[in-house]
Amino acid sequence: MKFWGKIANLKSLFLLLSSFFSLMIQAEAEGTRELQPESNRNVRLRLSYSLPVTNNDGGPFATPVAPPEYRLWVTIGNTSEIVYFGFKPESPNFSFVIKDSTGTVVYPASGTPVPLPTSGNGYISNYNQAVYGPKPINAAGYDPLTFSPNYAGNFYFEFSWTPASGQRYITYWDITVVGSGNIEKKGRLWSKNWQLQMGNNNDPFTGVMYPYTNDQITTSIHFNGMAPARFTVACNPTGVSNTGNFIIDRKSVAGNYTYPEYKIFVNNPDSILFPTGILGGVDSVVTSNQCDGHLNITLFVNKPGVANIILQINPAPGVQPEDINLTDSVYSGYSTTIVWNGLNGLGDSVPSGTIIEIEITYVNGLTHLPLYDVEYSASTWKGFIVDLIRPQGNKPKVFWDDSNLGGSINLSGCIDTKGCHSWGYSLGDENSINTWWFAVSTSLIPIELLYKRSEKYEHVYTICDGDSILIGGTYYKTGGTYYDSAINTLGCDSVHIHHLAVKPSPIVDLGPDVVICQGESHTFDAGYNPDYTYLWNNNQTSHQITVSTTGYYSVSVTNREQCTRTDEVYLFVSPLPGPLQIKHN
């Protein structure tokens with residue numbers, strides 16, 4: 001019984017798998033099929049009027065207020081193509097139109113929004129119909145509505161309702177493009193800012209999406225069981241912002257900081273309409289350092305990409321506060337020059353003669369995935385699985401920096417096939433968590449540069465009136481600004497600016513030398529001033545001294561500016577004459 005029971009169970013499993021694979025083989029659709037591979041996970045389109053685009057509710061999506069990046073687009077290659085589409089709205093009473101890229105309504109012919117169907121053509125009643133696709137290409141599917149464009153281009157679906165606020169949801173949906181002979185054209189459906197809603201907060205999302213970068217690199221993001229509740233998916237080349245500071249922009253931050261730039265598809269983009277880029281390289285690098293302090297770094301590359309340059313101002317390993325990071329787009333066919341202004345990361349001028357190591361990395365297919373408020377990810381979630389789709393190449397490494405939020409950092413790259421960069425509730429709640437990768441990078445051998453610049457040095461001197469100071473070979477006694485210049489060892493001007501201030505000195509005059517007779521005394525007066533201090537050579541500290549001994553007497557007088565002047569005088573004490581002798585004849 002146990003043996004046959006096992007056989008029966010194996011047969012049931014085989015039939016289940018056969019049905020599943022039969023379903024997938026026959027499926028001809030683009031929408032629910034890709035983003036909801038499991039029937040029991042309700043991955044809904046979330047249509048929204050919320051403004052502004054940066055608000056904490058996710059911004060608008062596929063409604064009249066949505067900017068171009070926030071619309072639901074389909075691309076048509078030629079007029080022989082047809083769009084089959086259908087929906088299952090979660091609630092009734094909302095409508096749609098199809099517009100071209102200029103905003104002109106091209107469906108319906110009346111130009112007036114029509115209600116989403118709740119039965120008949122264009123209505124998808126269940127999950128299987130959404131996966132099988134439209135009946136003209138799969139009899140097991142749904143009866144579609146059709147749109148036959150009169151010209152090729154990009155068209156978008158726009159949904160609306162009254163009052164024009166809040167959100168609506170579409171449970172099942174399909175937008176499939178077919179060519180002659182009803183041959184499906186996959187990779188035509190895209191948005192730059194998808195907005196989706198799971199059935200429950202803790203439901204895992206196992207869909208796959210395909211960002212297409214500006215340099216025509218396609219990668220895939222398998223979300224691998226991330227439990228996001230309501231979420232938006234947008235990709236760009238820098239991260240949570242685009243300030244020009246590569247290191248800052250890529251860090252995860254508190255609040256809603258995401259922005260869309262790349263097209264994101266639900267299938268590998270059609271390679272005819274969205275061609276495959278090449279993986280480029282750097283042909284040469286030229287540096288030019290002028291005496292004005294600017295450093296020009298000129299790159300010659302064989303395809304567009306992004307150059308990341310680190311100037312190691314501080315020779316300590318790793319990135320230090322003084323180091324500089326420069327990031328800019330580079331283009332093939334002509335040179336791209338990236339300019340550094342000569343200031344270190346703290347805003348101070350780098351001295352002439354500093355040895356700087358220049359590290360250059362040239363990147364293709366740089367893709368950042370900032371996700372806002374993804375907080376319900378289960379402990380079993382291992383992170384994203386990222387693969388390079390077009391062109392062929394190695395599996396991309398995945399990077400992140402959650403240090404702003406007290407999370408982990410991986411700047412060396414993760415290539416775990418089970419997933420990279422997972423987080424939990426506390427890190428994801430109301431924060432923007434950024435993950436990035438690239439298709440290929442070329443790290444050049446570091447360039448060592450002896451940096452030069454014309455230097456300006458400022459010196460401040462203070463002397464007392466009556467003193468002098470040697471500046472550039474000349475003694476100066478008068479306050480003012482004096483200049484001294486020379487050529488430094490690297491051939492640039494070296495200018496010294498000397499600021500000289502002269503403080504007032506006290507005036508002291510003890511008068512001429514004095515002669516007195518023995519038995520007399522004399523008072524020397526240095527002149528009274530309450531702001532002065534006095535010191536005589538006999539250690540007295542008043543402005544006057546009275547003396548009766550032959551000798552030199554000096555006084556040092558100091559004012560509040562700490563300037564001192566000294567005067568000296570000589571006192572001679574003449575002896576009295578002796579008794580007069582009487583001379584006898």
Side-chain angles (χ1 to χ4, degrees), residues 346-349 351-354 453-490 492-585:
L346 301 176
D348 300 322
S349 296
S352 185
T354 301
R453 71 181 305 151
S454 290
E455 296 182 291
K456 182 175 70 175
Y457 302 95
E458 297 206 31
H459 311 273
V460 177
Y461 311 100
T462 301
I463 62 173
C464 294
D465 186 23
D467 294 339
S468 63
I469 188 169
L470 183 64
I471 297 176
T474 302
Y475 283 96
Y476 292 92
K477 302 176 65 174
T478 305
T481 301
Y482 303 94
Y483 297 89
D484 178 26
S485 64
I487 301 298
N488 65 25
T489 57
L490 297 176
C492 297
D493 290 334
S494 178
V495 177
H496 293 260
I497 304 173
H498 307 271
H499 302 282
L500 177 59
V502 178
K503 299 186 296 184
S505 295
I507 297 174
V508 56
D509 184 6
L510 296 178
D513 294 341
V514 175
V515 177
I516 62 173
C517 294
Q518 185 178 354
E520 295 177 345
S521 63
H522 183 77
T523 299
F524 291 108
D525 191 341
Y528 175 73
N529 189 312
D531 293 331
Y532 291 176
T533 60
Y534 305 85
L535 180 62
W536 296 85
N537 60 342
N538 62 359
N539 293 325
Q540 292 193 44
T541 58
S542 67
H543 69 98
Q544 294 178 333
I545 59 170
T546 300
V547 292
S548 57
T549 304
T550 295
Y552 286 96
Y553 294 91
S554 64
V555 62
S556 295
V557 180
T558 303
N559 61 14
R560 283 187 174 182
E561 286 76 20
Q562 297 302 303
C563 287
T564 300
R565 285 291 174 264
T566 301
D567 194 19
E568 185 180 63
V569 69
Y570 184 76
L571 175 70
F572 179 73
V573 180
S574 176
L576 294 175
L580 180 63
Q581 295 183 353
I582 299 174
K583 185 176 180 181
H584 298 278
N585 292 327

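All figures in this text were calculated on a predicted structure; none of them were measured in a lab. By convention here, the first residue in the shown sequence is residue 1.
Evaluation of the salt bridge (charged side-chain N to carboxylate O under 4.0 Å, His left out) test over residues 460-469, restricted to residues two or more places apart or in two chains, returns Asp467-Arg565. Here disulfide bond (SG atoms under 2.5 Å apart) pairs that include residues 521-572, with residues two or more places apart or in two chains, are Cys464-Cys563. Every pair tested for disulfide bond (SG atoms under 2.5 Å apart) that includes a residue from residues 499-529 fails, sequence neighbours excluded, so the list is empty.
Here Phe572 pairs with nothing under the ring pair (Phe, Tyr, Trp, His ring centres under 6.0 Å) rule; sequence neighbours left out. Remark: Tyr457 engages Glu455, His459, Ser494, His496 in a side chain to side chain contact (heavy atoms under 4.5 Å, CB included) (not counting sequence neighbours). For Asp525, the side chain to side chain contact (heavy atoms under 4.5 Å, CB included) partners at least two apart in sequence or on another chain are His543, Gln544. Annotation: side-chain hydrogen bond (donor to acceptor under 3.5 Å, both in side chains) contacts of Asp531 (sequence neighbours excluded): Arg560. Scanning for side-chain hydrogen bond (donor to acceptor under 3.5 Å, both in side chains) contacts around Glu568 gives an empty result, with sequence neighbours left out. Among residues two or more places apart in sequence or in another chain, the side-chain hydrogen bond (donor to acceptor under 3.5 Å, both in side chains) test is passed with Thr546 by Thr523. Not counting sequence neighbours, Thr533 has no partner by the side-chain hydrogen bond (donor to acceptor under 3.5 Å, both in side chains) test. Judged as a side chain to side chain contact (heavy atoms under 4.5 Å, CB included), and not counting sequence neighbours, the contacts of Leu535 are Thr541.
One N or O on the side chain of Thr550 and one on the backbone of Val573 form a donor-acceptor pair closer than 3.5 Å.
Heavy atoms from other residues, nucleotides or ligands lying under 6.0 Å from CD1 of Ile497 number more than 12.
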Can you give the donor-acceptor pairs under 3.5 Å from side chains of residues 469-483 to other protein atoms, not counting sequence neighbours?
from: Thr481; atom 1: OG1; to: His499; atom 2: ND1; distance (Å): 3.4
from: Tyr482; atom 1: OH; to: Thr478; atom 2: O; distance (Å): 2.6

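Here the closest heavy-atom approach between residue Val557 and residue Ala526 is recorded as CG2-CB, 4.3 Å.
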